[in-house]
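Per chain, numbering begins at 1; letters A, B, ... match sequence-line order.
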Protein chains: 2
Amino acid sequence: MSDLLERLRGRGWRLTAQRRVVAEVLDGDHVHYTADEVHAKAADLLPEISRATVYNTLGELVSLGEVLEVCTDGRAKRYDPNAHHAHQHLVCSRCGTIRDVHPAGDLVANLPSEERFGFQVSAVDVTFRGICPDCAAA
Amino acid sequence: MSDLLERLRGRGWRLTAQRRVVAEVLDGDHVHYTADEVHAKAADLLPEISRATVYNTLGELVSLGEVLEVCTDGRAKRYDPNAHHAHQHLVCSRCGTIRDVHPAGDLVANLPSEERFGFQVSAVDVTFRGICPDCAAA
DNA sequence: TCTTGACTTAGACAGAGTCCAATGTAGGAT
DNA sequence: ATCCTACATTGGACTCTGTCTAAGTCAAGA
């Protein structure tokens, strides 16, 4: 994720300790933390970091296209650092676990033009729902 | 929507004035109101209706499968009375307008089994995003 | 019409997120 | 190396969405 920090510095981002730890927390695959989870994990590394800064930083990362916002339920938004590989999400209806998945085909093409109501359709968010192996076993 | 009320009465629902006006507000196509919008419109018909009752009634309608909960952004949930015809949503990224749409094909089948991580996949929610004709013109 | 358990109400509360004025600091300028 | 200052951070108040509770009300069966 340090290449991310370099990229952002190149765009004029000031590199602060707070931004570093937020970026560090978001490193990894299948990471989908809420803002509060990011704050808790960041506070383990930098105890005095504030909630406001975590929200600010996440918002900036989203605006810059480096992180995706995901809402799979009506609760807190989740933040997905896997923004540079198009993907969708598979969510366990019981425990809420989220996996990144890669459906086949062109999903936007599934929408016939007579169903587009004159919209310029540019993107599609897909959430597959089901029961994960752990919940199915329990 | 009065067939809805009949159906619910058959299931033991007590028919109150409050439930009637909530059902009436939710009548129509491409209806996707937030709970507060439902409350405001219901209060036009029955001024003393409370927010709690609107939330209760919407929750019950969702549990009974008569209304769908939709969240297209991280904000308030929206309530969609078109629960008896499978459909997905098309959302304007600028103004938030929502249309019900009917994509072609079996959307769950788009997820290859090696991308299912052992989940039993049972449903899929799809949100197409784009710019609506009004916003494109403006 | 009476009765009763289901329904409604107002308001307190909780969770998620935003905003603001005061303070601190990264990094270019000197 | 130090200074400056525009940008970043902070804590706390605030907003919005939704839930809960205790007390009062009422639909509909007896």
Side-chain angles (χ1 to χ4, degrees), chain A residues 2 5-25 32-43 45-64 66-80 96, chain B residues 2 5-25 32-43 45-64 66-80 96:
Chain A
S2 54
L5 291 173
E6 283 310 306
R7 239 179 304 150
L8 294 174
R9 200 156 64 99
R11 295 209 222 173
W13 240 40
R14 199 176 275 188
L15 283 195
T16 66
Q18 290 83 348
R19 287 171 170 180
R20 265 183 246 272
V21 299
V22 169
E24 187 170 337
V25 166
H32 305 94
Y33 296 138
T34 64
D36 267 357
E37 286 167 352
V38 172
H39 179 233
K41 288 171 197 293
L45 304 169
L46 185 71
E48 68 275 23
I49 192 172
S50 73
R51 268 181 7 109
T53 294
V54 170
Y55 276 103
N56 287 343
T57 305
L58 290 172
E60 287 155 7
L61 289 169
V62 170
S63 298
L64 293 168
E66 298 289 348
V67 165
L68 299 176
E69 249 176 19
V70 182
C71 24
T72 57
D73 56 8
R75 322 274 319 187
K77 289 176 198 163
R78 293 179 172 274
Y79 292 89
D80 180 344
Chain B
S2 54
L5 290 173
E6 283 311 305
R7 240 180 302 151
L8 295 174
R9 200 156 64 100
R11 297 209 221 175
W13 241 39
R14 198 177 276 188
L15 283 195
T16 66
Q18 290 84 350
R19 286 171 171 180
R20 263 183 248 273
V21 299
V22 170
E24 187 169 338
V25 166
H32 305 93
Y33 296 138
T34 64
D36 267 357
E37 286 167 352
V38 172
H39 179 234
K41 287 170 198 296
L45 304 170
L46 185 70
E48 68 275 24
I49 192 171
S50 73
R51 266 177 12 106
T53 294
V54 171
Y55 276 103
N56 287 343
T57 305
L58 289 173
E60 287 155 9
L61 288 169
V62 170
S63 298
L64 293 168
E66 297 288 349
V67 165
L68 298 176
E69 249 176 20
V70 182
C71 25
T72 56
D73 56 8
R75 323 273 319 183
K77 289 175 197 162
R78 293 177 174 276
Y79 293 88
D80 180 344

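- The CG-P distance, from B/L46 to D/dC26, rounds to 11 Å in whole Å.
- Here A/Y55 reaches the OP1 or OP2 of C/dG17: one of its side-chain N or O atoms lies under 4.0 Å away.
- Remark: P of D/dA27 and CZ of B/R9 are 13 Å apart, rounded to the nearest angstrom.
- One interatomic measurement links the two molecules: CG of B/L8 to P of C/dA6, which rounds to 17 Å at whole-angstrom precision.
- Comparing B/W13 and B/G74, the nucleotide of DNA chain C nearest to each residue sits closer to the 5' end for B/W13.
- Between the side chain of A/R78 and the backbone N or O of A/T72 there is no donor-acceptor pair closer than 3.5 Å.
- The shortest distance between the side-chain N/O atoms of B/Q18 and the OP1/OP2 oxygens of C/dT9 is below 4.0 Å.
- In this structure, B/R11 pairs ionically with B/E66, as a charged nitrogen and a carboxylate oxygen lie closer than 4.0 Å.
- At the heavy-atom level, B/A52 lies under 4.0 Å from base atoms of the strands shown.
- Taking atom CD on A/E60 and atom P on C/dT18, their separation rounds to 12 Å, with Å as the unit.
- A donor-acceptor contact under 3.5 angstrom links the side-chain atoms of A/R14 to the base of D/dC7.
- Taking side-chain N and O atoms only, B/R75 has a distance below 4.0 Å to OP1 or OP2 of D/dT17.
- Ranked by how close their nearest DNA chain D nucleotide is to the 5' end, B/N56 and B/A17 are led by B/N56.
- The side chain of A/T53 approaches D/dT9 more closely than any other nucleotide in the set C/dC7, D/dT17, D/dT9.
- Distance from the side chain of B/R19 is smallest to C/dC7 among C/dC7, D/dG11, C/dG17.
- Applying side-chain contact (heavy atoms from CB on, under 4.5 Å) to B/T57 and the options B/I49, B/V22, B/V62 leaves one that passes, B/V22.
- B/L61 is listed as a side-chain neighbour of B/W13, based on a closest heavy-atom distance under 4.5 Å.
- Nucleotide C/dT8 holds its P atom 10 Å from the CG atom of B/L15, rounded to whole Å.
- Here D/dT25 presents its C1' atom at 12 Å from CD of B/E48, a figure rounded to the nearest Å.
- Taking atom NE2 on A/H39 and atom P on C/dT18, their separation rounds to 15 Å, with Å as the unit.
- If you check every strand for non-hydrogen atoms under 4.0 Å, B/T16 touches sugar and phosphate atoms only.
- Taking atom CZ on A/R11 and atom P on D/dC7, their separation rounds to 18 Å, with Å as the unit.
- Using a 4.5 Å cut-off on side-chain heavy atoms (C-beta onward), B/V21 and B/K41 make no contact.
- The nucleotide whose nearest atom lies closest to any side-chain atom of B/K77 is, among C/dA16, D/dT10, D/dG18, D/dG18.
- For C/dG17, its base sits under 3.5 Å from the side chain of A/R51 at one donor and acceptor pair at least.
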